[in-house]
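First up is the structure itself, then whatever we jot down about it.
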Amino acid sequence: MCFSCFFGNPVFVPAPNIDTIVSLAKRRGFVFPSSEVYGGLGSAWDYGPLGVELCNNVKQAWWRWLVHERDDIEGVDSSIILNRLVWKYSGHEATFNDWLIDCRKCNGRFRADKIVDNKCPSCGASDWTEARPFNTMLQTKLGAVAADDPTALAYLRPETAQGIFINFLNVQTTMRRKLPFGIAQVGKSFRNEVTPGNFILRTREFEQMEMEYFVAPTAEHSKLVDYWVEQYLEWFGSLGINRENLFLYEVPSEELAHYSKRTVDIMYKYFPEREKPWEELMGIAWRTDFDLGTHSKNKLDAEGKRINPDSTEDLSYFDEVAKQRFYPHVIEPAAGVNRTVLAVLMDAYSEKTNDKGETRVILKLSPQLAPIKAAILPLAKNKPEIVGMAKAIKRSLQPVLRAVYDDTGGIGKLYARQDEIGTPFCITVDHQSLEDEAVTVRDRDTWEQERIKVTDLAEHLQKRLKPFPVPESI
Ligand code: ATP
């Protein structure tokens, strides 16, 4: 069946809520509830065959954009478990707290800053205990030690940033970098969230893409925050996220983290159905010189005392031109992989319903992010020549882009299946192909079909993926 027939007069509907994405994600192999065979584990999710590709494509797009395509950023991959002293001096042991409150009526426990209109989200009462701090770093023990041995305590990192700060000098000296320059890292972080939820938006284990951009103390820090906000707005646009679904939140001074002098959060409309639809997608913070200073052995406090008697290094920088030594300031864009993936899925989702009330889902993923770039579909699966040709085409495309072969349904069903997972191109091999060595390339978004010679196919597809070239691996 041709699509324009199916959609005589289509009605377009974007994703109405996160639940729609949860159901698509499970149905089509993007994301599954974790540990389901044992009844699940609250707010933990496993990425399936398409989800892992989508996550990898987001991370690779980010890495390419910052590390490969710019001249001023290097990458690192530090340990998840660091010396505990890192978290002492970063301030996380003392201050990485959520404020807990309990509802006296139903005993529900919540994050104080997430309560709307002073009402308990479970029972609606407004009778609360006093707020008290709860440190959200996840603990573990290193080595074969007694369960209560305090010296074995270690943390799973709650942010990737500290692994960058403690490697600042290593990177700067080995790569012979001069300010300004940045260091990027992507990887898992862990937070013992009080109230995780909303699918992959808030989980205890998640992935971050963080970059620390080191600049002189005299740089125009606030302007640099604006610069990185603009850069990220553009980048999210290149991933297919509509600017109208993003909102900039200037974090008020009383809400700033202990290290920050200014933070702008980029919020995404994760809850279009709610009166307050926004939740944080990422933050861009001016972290001052706090982190490099606090990990340095020579930094003194106001009374002239060393603030860090445990450090063996000084993470200061000597400016050859100004002939000055100082602790660089940092502008940090910190984004979540999972929240980016959720925003991308919500923005790509579209439902079309025809006059008869039949609905189809089309995932308009940007081609660079699509888990599969091309699906090769034989028009007659009982014809060995056609099947053989389709499989050979799939194999020939494999080294260039991610392609799949599928013959498990009629052509209408196969098209619909690929549309629902966002595959930009379907390639059909028919009887005519055996004669003219050409195939039909169908575009997911326009449903236009073009006849292309098999010998030109790889180049043709690559050209059409061009603004978003197929990512090389990290
Ligand atoms: P929130 O206020 O939503 O808890 P945050 O301000 O504590 O977030 P940051 O410390 O700025 O978050 O972390 C940077 C980014 O890491 C966030 O913008 C988000 O994309 C991601 N992130 C943080 N916590 C989580 C989580 N529990 N689950 C998924 N992603 C997270």
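Counting starts at 1 for both ligands and their atoms, in listed order. Values in this document were obtained by computation on a predicted structure and should not be read as measured data.
A donor-acceptor contact shorter than 3.5 Å links the side chain of Asn17 to the backbone of Thr20. Judged by distance alone, with hydrogens and angles left aside, the side-chain atoms of Arg287 form no donor-acceptor pair with the main-chain N or O of Val330 at under 3.5 Å.
Between Trp286 and His329, the angle of the ring planes lies from 30° to 60°, which puts this pair in the tilted group. Ring-plane geometry between Tyr232 and Trp65 is classed as perpendicular, the angle between the planes exceeding 60 degrees on a 0 to 90 degree scale with a lower cut at 30.
Residue pairs meeting the side-chain hydrogen bond (donor to acceptor under 3.5 Å, both in side chains) criterion with at least one member in residues 267-278, sequence neighbours excluded: Tyr268-Asp347.
Atom 29 (C) of ligand 1 has its nearest heavy-atom neighbour, among Leu201, Val194, Leu342, in Leu201. With Arg191, Arg202, Arg339 as candidates, the residue nearest to atom 25 (C) of ligand 1 on a non-hydrogen basis is Arg339. Taking only non-hydrogen atoms, the option from Met282, Glu280, Arg204, Met267 nearest to atom 12 (O) of ligand 1 is Glu280. With atom 13 (O) of ligand 1 as the reference point, the heavy atom nearest to it among Glu332, Gln208, Glu210, Glu207 is part of Gln208.
For ligand 1, the atoms sitting less than 4.0 Å from at least one non-hydrogen atom of Ala334 are 14 (C), 15 (C), 18 (O), numbered in the order shown with element in parentheses.
Where the criterion is an N or O separation shorter than 3.5 Å, residue side chain and backbone included, Leu281 meets it with respect to ligand 1. Considering both main-chain and side-chain atoms, Gly336 comes within under 3.5 Å of ligand 1 through a nitrogen or oxygen pair.
Centroid-to-centroid, the aromatic rings of Tyr47 and Phe30 stay 6.0 Å apart or farther.
Remark: minimum distance from atom 22 (N) of ligand 1 to any protein heavy atom is reached at Phe206 CE1, 3.5 Å.
With respect to Asp102 and Arg109, a salt bridge is recorded, a charged nitrogen being found less than 4.0 Å from a carboxylate O. Using a cutoff of 4.0 Å between basic side-chain nitrogens and carboxylate oxygens, Glu279 and Lys114 are scored as salt-bridged.
Contact annotation: Glu193 has at least one heavy atom less than 4.0 Å from an atom of ligand 1. The closest approach between Thr203 and ligand 1 falls below 4.0 Å for a heavy atom of the residue. The closest approach between a heavy atom of Arg111 and any atom of ligand 1 is below 4.0 Å.
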